[in-house]
Undergrad: 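Here it is, the structure in full.
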Amino acid sequence: MKRRPIMAGNWKMHMLVAEAEALVKGLVAGLDGTEDVDVVVAPPFPSLHPVGRLLDGTPIALAAQNMHWEASGAYTGEVSAAMLLDVGCRHVIIGHSERRQYFGETDETVNRKVKAALAAGLDPIVCVGEVLEERKSGRTWEVVGRQTRKGLEGVSAEDAKRLVLAYEPVWAIGTGETATPEQAQEVHGRIRGLIGELFDDGIAQGLRIQYGGSVKPDNVRGLMDQPDVDGALVGGAALKAESFLGIVKF
Ligand code: PGA
């Protein structure tokens, strides 16, 4: 089955509004419309609204980097799925390793967010990935399998069709050290197998699994050549129009 590639730029905590607008204008101008790829950008919260306006009527979709699972209420500092939809988001990144490492996200909070996003109508990009010690001690699949299973607990087969997964080995994020295409493929293949067990084979074959961790224009091709790699979640190289477009046009 041929899956449509999906390339997402995770801008993390970078870009003031004017910078975000300039970047997205560069991206819109640089896409020539022939790319058979879904393109997504995930600016920080303050830029979602202005960037969303600029993306209106363009092929680029807007994503948030996080959300809260409650619909509304006394949750100081949090943002709901409805608020993200309101400013034009189609996707939300959930369970990024930086959120797990620095902000106390657990498999349980990831699961709550995934279910809330799906219920509200946002399509989640769910991140999983092992840290270096886990890989070194041969526990990569134990960790990635658990994160996937728990993160998707209680999701219906119908909703699972709207998911994107992102395999991001934590040791490869922002380090310049990319997983080899073979290392990525091994984990992607196992994730797809697990999705087949949790849901069914049709859903597994349709699910898009991105790779993330130091993806650059010059290494994206080798990754995308792997049968189970369907896109990239890009940090550093998504902050310049030229390099992100190089990835989009792999
Ligand atoms: P990186 O980040 O491309 O800078 O390694 C990827 C990510 O964290 O999504």
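In each ligand, atom 1 is the first atom listed, and ligand 1 is the first ligand listed. Because only heavy atoms are used, hydrogens play no part in the values below, and waters and symmetry mates are left out as well, while side chains stay in.
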Undergrad: Mind jotting down which residue pairs meet the ring pair (Phe, Tyr, Trp, His ring centres under 6.0 Å) criterion with at least one end in residues 153-187? Sequence neighbours excluded, please.
TA: Tyr167-His188

Undergrad: So, are Asp228 and Arg190 salt-bridged, with charged N and O less than 4.0 Å apart?
TA: no

Undergrad: Given Val128, which partner from the list Lys150, Glu168, Arg100 fulfils the side chain to side chain contact (heavy atoms under 4.5 Å, CB included) test?
TA: Arg100

Undergrad: For Thr180, does its backbone N or O pair with a side-chain atom of Gln183 as donor and acceptor, under 3.5 Å?
TA: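 Indeed, once roles are kept as given, a pair shorter than 3.5 Å links the two residues.
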
Undergrad: Please name all residues satisfying side chain to side chain contact (heavy atoms under 4.5 Å, CB included) with Ala160, sequence neighbours left out, ordered by chain then number.
TA: Val155, Leu163, Phe199, Ile203

Undergrad: What does the list of residues with a heavy atom under 4.0 Å from ligand 1 look like, ordered by chain and number?
TA: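 Within 4.0 Å of ligand 1, protein side: Asn10, Lys12, His96, Glu168, Ala172, Ile173, Gly174, Gly213, Ser214, Leu233, Val234, Gly235, Gly236.
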
Undergrad: Test: ring pair (Phe, Tyr, Trp, His ring centres under 6.0 Å). Region: residues 44-85. Which pairs qualify, not counting sequence neighbours?
TA: His68-Tyr75

